[in-house]
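Throughout, a chain's letter reflects where its sequence line sits, starting with A, and its residues are numbered from 1. Please read these numbers as outputs of a predicted model, since none were measured by experiment.
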4 protein chains.
Amino acid sequence: MKISEKKEEKRSRILDAAAAVFSKEGYHQAKVEDIARIAGIGKGTIYLYFKNKRHLYYCMIKEIYDIFLESIYTQIECENDLKKALKTITEYTFDFLDSHKEMANLLINRPGTVDEDIQAWLFAQKQKIVDFLAQIIKKYADSNNCDRDFDSTLVAHCFLGALAALMAERLFGYNKIDSAKLTDKMLDIFFHGIHNSSVQV
Amino acid sequence: MKISEKKEEKRSRILDAAAAVFSKEGYHQAKVEDIARIAGIGKGTIYLYFKNKRHLYYCMIKEIYDIFLESIYTQIECENDLKKALKTITEYTFDFLDSHKEMANLLINRPGTVDEDIQAWLFAQKQKIVDFLAQIIKKYADSNNCDRDFDSTLVAHCFLGALAALMAERLFGYNKIDSAKLTDKMLDIFFHGIHNSSVQV
Amino acid sequence: MKISEKKEEKRSRILDAAAAVFSKEGYHQAKVEDIARIAGIGKGTIYLYFKNKRHLYYCMIKEIYDIFLESIYTQIECENDLKKALKTITEYTFDFLDSHKEMANLLINRPGTVDEDIQAWLFAQKQKIVDFLAQIIKKYADSNNCDRDFDSTLVAHCFLGALAALMAERLFGYNKIDSAKLTDKMLDIFFHGIHNSSVQV
Amino acid sequence: MKISEKKEEKRSRILDAAAAVFSKEGYHQAKVEDIARIAGIGKGTIYLYFKNKRHLYYCMIKEIYDIFLESIYTQIECENDLKKALKTITEYTFDFLDSHKEMANLLINRPGTVDEDIQAWLFAQKQKIVDFLAQIIKKYADSNNCDRDFDSTLVAHCFLGALAALMAERLFGYNKIDSAKLTDKMLDIFFHGIHNSSVQV
DNA sequence: CATGAATGAGCCTTCATTCAT
DNA sequence: AATGAATGAAGGCTCATTCAT
């Protein structure tokens with residue numbers, strides 16, 4: 001028990017250090033030695049837990065995605081109200097990056113720069129989220145007898161794109177935006193558009 | 001004249017080759033030698049035109065952005081109709097990446113992976129587009145006496161984020177989407193939202 | 001007693017494992033960890049019995065040579081007939097390598113690849129065999145009033161060289177040669193040469 | 001012309017340095033950096049001429065074998081007298097190793113310790129020599145209506161084994177033997193054996 | 001001007017050895 | 001006594017950059 005716990009704890013420390021370094025430097029410039037130093041261990045130790053640098057990167061990014069996605073899924077799963085669902089996703093995303101600031105750069109700007117396999121894997125992950133979201137949107141449209149004719153997958157893409165853009169702005173931008181208000185405003189745009197409704201009628 | 005023209009032409013060839021290689025491989029994996037070979041010149045010659053690899057990258061990406069942005073600006077500048085403006089931007093972006101497919105990967109996925117300075121520069125470029133767009137949106141809202149209260153900068157971010165997401169999907173996704181329809185659908189979402197308008201009334 | 005017996009048994013297991021691994025991989029490519037695994041013990045334990053990898057190698061190869069040489073000596077010691085003595089040596093060598101196939105590669109191809117000290121030690125061991133053999137040959141020549149004038153040390157070298165070559169061929173060659181016939185043929189060559197004796201007369 | 005000559009000259013310098021270092025240290029302990037230093041060039045330069053350390057080793061040992069074997073073949077090819085042929089081989093071998101002392105250790109003790117491919121290649125080379133020699137011996141036996149019944153391949157193996165043993169002794173032994181006498185004595189043993197011919201009659 | 005052969009700093013990875021348990 | 005997790009020195013190889021031609 002104790003030993004496997006210790007190993008798990010050390011593996012976790014390495015993954016944290018890896019996230020920090022990879023996020024700051026990008027995959028290719030990150031040095032295994034730096035990761036080791038930040039994890040407080042020897043260089044060789046990393047290779048007891050991960051086959052090589054690439055494997056370490058993959059495990060790290062997979063862990064982050066797993067945590068993030070699983071959490072999103074469970075929170076949304078049984079939610080029938082689209083607005084609430086999107087709000088939850090948005091808020092959770094903000095929170096997640098706020099509490100993992102050190103890897104924000106990685107997630108937003110640098111994820112797929114290792115090789116084609118990892119790029120493909122990331123693409124597949126993203127596809128899953130899009131599909132999941134599109135399905136919720138579709139359900140919403142159907143259940144509301146919605147007279148508007150929109151492609152739910154397209155909407156999902158737009159929504160996630162907008163979300164990513166706002167994340168980047170919030171994280172790297174000079175004007176820090178309050179996340180609560182941001183969420184509401186963004187959802188308002190998506191639900192009602194920017195068109196002057198009074199004119200529309 | 002002739003000499004400086006020749007020089008300019010060679011410089012241009014190097015930049016094209018750099019765009020192709022950096023886009024395919026990413027900054028750190030791209031080899032100066034490959035760029036030289038594709039440009040049809042000797043390896044050392046690159047260093048007669050650019051201080052080093054980093055500088056070459058910067059010049060290349062700057063050139064692309066300059067071309068792209070200038071084109072956008074001039075096309076939109078005197079456009080008063082927001083919908084038309086956004087449509088133009090969207091269509092031009094699609095066309096641009098279609099005709100520069102070899103650097104699409106670079107522009108969408110890999111731009112800021114060199115160092116913090118370049119990341120900051122890119123961020124500033126993006127900021128300019130956002131500001132420009134926000135200004136147009138603001139003008140539209142004001143001139144229409146719009147009763148809806150939205151943050152034009154926020155809308156600009158969302159719009160560009162969505163645009164980027166659709167670009168990525170169109171470029172790397174399995175289902176190639178027709179760009180004309182895509183544009184219309186996307187703008188429809190942004191203008192009227194996804195809410196059931198019949199219910200809304 | 002019991003403890004020292006146990007220790008001896010473990011030491012022996014390590015030496016056997018070392019012989020197997022060193023023979024298969026060669027000194028530098030052999031991994032201490034593999035030896036430990038094959039010996040069924042922990043990696044650190046090896047260092048309780050041997051100072052380091054080099055020492056382990058030395059002890060192992062010394063043990064093999066000791067067993068081999070002692071056996072040869074005792075079998076030949078009181079043999080007065082040279083032909084019988086050479087036959088015994090040849091047959092015993094074949095048998096020894098047949099029953100230690102796993103270290104044949106080591107003994108034939110890889111022994112002295114560690115450092116100069118070990119190479120010198122091996123050279124000295126070989127010298128002993130040569131001297132021993134030369135002495136027997138000398139005795140034979142003297143006692144037979146042999147009219148042929150040959151350098152017994154030279155003959156010893158030639159005989160052992162030929163023996164080694166045949167061992168290598170038998171072990172790694174495609175045509176497995178029957179050892180009994182081989183011995184007779186080889187001794188025949190050494191005793192009577194390849195010259196046409198009928199012509200000679 | 002000039003350039004390719006210079007390249008050839010440098011390649012040759014690298015191969016010489018490689019022979020010296022590999023011979024002294026063995027493949028695995030030899031450092032590429034040492035080879036470069038001895039060749040008087042930078043470490044990276046070696047990789048302009050050879051794919052990697054293994055390839056360098058292979059090219060070096062192949063070159064040595066090619067030079068050696070080709071020379072032997074051409075000298076022996078049209079020789080009908082077996083004794084002269086064997087004498088030529090023996091003398092040439094002595095001369096070759098005398099003039100390439102620095103790689104003697106490599107050729108005698110360490111050649112096949114890199115990997116199985118190279119070991120197999122070396123084995124094949126040796127096989128060629130054996131076959132070549134066996135063929136000459138066979139021709140000799142046939143043409144002389146030799147009444148002695150010996151396996152020419154076996155004789156070839158024995159001869160080469162004895163030759164190798166004498167080479168090793170001459171190179172590493174304390175008593176330097178004069179090569180001219182050595183050759184005669186050795187051939188005498190092979191042709192007439194050590195048996196007392198007066199007794200034989 | 002243009003070149004590409006040469007360089008060597010830099011980094012990933014291995015593995016003999018140690019030492020806390 | 002025995003272990004095996006941890007270490008870090010060492011070495012193969014790459015590639016941006018230089019400079020002699």
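One distance of note links NZ of C:Lys10 with NZ of C:Lys7; it measures 9.5 Å at 0.5 Å rounding. We find the NE2-SG distance between C:His55 and C:Cys59 to be 3.5 Å, quoted to the nearest 0.5 Å. Atoms CZ and CG, from C:Arg11 and C:Leu48 in turn, are 13.0 Å apart once rounded to the nearest 0.5 Å. With rounding to the nearest 0.5 angstrom, the NZ atom of A:Lys62 is 12.0 Å from the CD1 atom of A:Ile118. Atoms CD1 and CD1, on D:Ile46 and D:Ile41 in that order, are 4.5 Å from each other to the nearest 0.5 Å.
Closest to the C:Thr45 side chain, of the nucleotides E:dT17, F:dA5, F:dA2, is F:dA2. Listed candidates were E:dC12, F:dA2, F:dG11. Nearest to the side chain of C:Leu48 is F:dA2.
As rounded to whole Å, 13 Å separates atom P of E:dC15 from atom OH of C:Tyr27. Rounded to an integer number of Å, the gap from OH of B:Tyr57 to C1' of F:dA16 is 17 Å. Rounded to whole Å, the distance from OH on C:Tyr47 to P on E:dC15 is 12 Å. For B:Arg11 and E:dA2, the CZ to P distance is 14 Å, given to the nearest whole Å. Going from atom CZ of B:Arg13 over to atom P of E:dA2 covers 10 Å, rounded to whole Å. Summarising the geometry, the separation between NZ on D:Lys31 and C1' on F:dC13 is reported as 16 Å, rounded to the nearest angstrom. As rounded to whole Å, 12 Å separates atom P of F:dC13 from atom NE2 of D:His55. Distance, A:His28 NE2 to F:dT14 P: 16 Å, rounded to whole Å.
Although no hydrogens or angles enter the test, the distance criterion places a donor-acceptor pair under 3.5 Å between the side chain of B:His28 and the main chain of B:Thr113.
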Bracket string, DNA chain E, 5' to 3' - pairs by Watson-Crick or G-U geometry under 3.5 Å, | interstrand: .||||||||||||||||||||
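In terms of position along DNA chain F, the nucleotide closest to C:Ile46 lies nearer the 5' end than the nucleotide closest to the other residue of the pair C:Ile46 and B:Ala30. Comparing D:Lys51 and B:Lys51 along DNA chain F, the residue whose closest nucleotide (by nearest heavy atom) sits nearer the 5' end is D:Lys51. Take the nearest nucleotide of DNA chain E for C:Asn52 and for D:Lys10: the residue whose nucleotide is more 5' is D:Lys10.
Within residues 32-44 of chain B, the residues approached by DNA chain E to less than 4.0 Å at the level of any non-hydrogen atom are B:Ile41, B:Gly42, B:Lys43, B:Gly44, in residue-number order.
Between A:Leu56 and A:Phe22, the closest side-chain pair of non-hydrogen atoms falls below 4.5 Å.
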D:Arg13 and D:Asp16: CA distance, side-chain angles, deciding distance, salt bridge (Lys or Arg N to Asp or Glu O under 4.0 Å) verdict: CA-CA 5 Å; D:Arg13 275 228 313 279; D:Asp16 287 347; over 6 Å; no
Stepwise side-chain contact (heavy atoms from CB on, under 4.5 Å) check, D:Asn105 with C:Gln119: CA-CA 10 Å; D:Asn105 191 24; C:Gln119 198 159 133; 3.0 Å; yes
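More than 12 heavy-atom neighbours from other residues, nucleotides or ligands sit within 6.0 angstrom of CD on C:Glu9.
Within the structure, every side-chain polar atom (N or O) of A:Tyr49 is placed at least 4.0 Å from both OP1 and OP2 of F:dA5.
When heavy atoms are screened at a 4.0 angstrom cut-off, C:Phe50 is found touching no nucleic acid atom at all.
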